[in-house]
Asks: 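Have a look at the structure that comes next, please.
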Amino acid sequence: MNIFRLAGDMTHLISVLVLLLKIYATKSCSGISLKTQELYAMVFLARYLDLFSDFISLYNTVMKLVFIGSSLAIVWCMRYHRVVRRSYDRELDTFRYWILVGACFTLALVLHEKFSFQEVFWAFSIYLEAVAILPQLVLLQRSGNVDNLTGQYVFFLGAYRAFYILNWIYRYLTEPRFTRWISCVSGLVQTALYADFFYYYFISWKNNAKLQLPA
Amino acid sequence: SKDDEAHDEL
């Protein structure tokens with residue numbers, strides 16, 4: 001474990017907590033893409049298949065449970081919670097994400113570290129996470145003004161993988177045989193997809209103005 | 001070794 005990866009995991013945890021706060025405090029999920037939440041639930045379920053087979057550390061196991069549990073709880077809340085579900089932007093959140101799921105799974109069948117059930121699903125989860133934010137970014141552009149908590153949620157979600165890139169550089173420089181091309185390339189693509197969001201987020205922060213994404 | 005295969009990152 002290094003400081004970059006810890007910062008990344010903590011930033012990811014913060015993004016989850018901010019989202020839970022927004023939904024719990026405002027009893028609303030307006031501006032949040034259910035599609036992105038469902039993709040993230042798939043990402044964690046596919047990636048943490050080794051939850052019970054490979055024990056890395058208590059920290060690793062606890063964080064996996066937190067990410068799986070929170071993503072499923074948010075999907076449940078947005079679909080079935082009496083009050084929250086009413087504020088879901090159903091007509092704006094129309095990204096046909098099964099295309100992404102199919103493409104990522106096909107890619108995982110071709111490109112993986114080892115051709116085993118667990119490793120193919122692991123690679124699938126890495127590719128899927130890289131594009132999982134797309135429905136959310138599309139929804140932000142369509143829904144115009146973005147409330148603060150939603151903007152902070154997306155910001156932290158994007159920042160966490162940027163910390164992981166620093167972690168991979170650090171491990172590449174300090175560990176003799178460290179090569180994680182699948183994670184690195186996907187992580188770069190994932191972070192790049194946030195580039196324009198980060199730009200508009202920075203502008204809104206500098207001008208102390210509401211976050212506005214161009215339609 | 002085993003730890004090489006197990007993914008130690010989240």
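Note that the structure is predicted; figures quoted are calculated from it, not measured. Protein chains get the first letters and strands the later ones, always in sequence-line order, with residue 1 at the start of each.
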Asks: Identify whether the distance between the nearest side-chain nitrogen and carboxylate oxygen of E175(A) and R180(A) falls below 4.0 Å.
Replies: no
Asks: Between N60(A) and chain B, with a heavy-atom cut-off of 4.5 Å, which part of the residue counts as in contact: side chain, backbone, both or neither?
Replies: both
Asks: Answer yes or no: are there more than 12 heavy-atom neighbours, outside Y172(A) itself, under 6.0 Å from its atom OH?
Replies: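 It does not: Y172(A) OH has 12 such atoms or fewer within range.
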Asks: Of the backbone (N, CA, C, O) and the side chain (C-beta and beyond), which part of Y160(A) lies under 4.5 Å from a heavy atom of chain B, both, or neither?
Replies: neither
Asks: Heavy-atom cut-off 4.5 Å, strictly under: side chain, backbone, both or neither for F44(A) against chain B?
Replies: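 Interface part for F44(A): neither.
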Asks: Going by an N to O cut-off under 4.0 Å, is there a salt bridge joining D89(A) and R142(A)?
Replies: no
Asks: Please tell me whether E129(A) and Y40(A) have a donor and an acceptor in their side chains that are separated by less than 3.5 angstrom.
Replies: yes
Asks: Only pairs of heavy atoms separated by less than 4.5 Å count here; which of Q118(A), H12(A), R5(A) has the most with chain B?
Replies: R5(A)
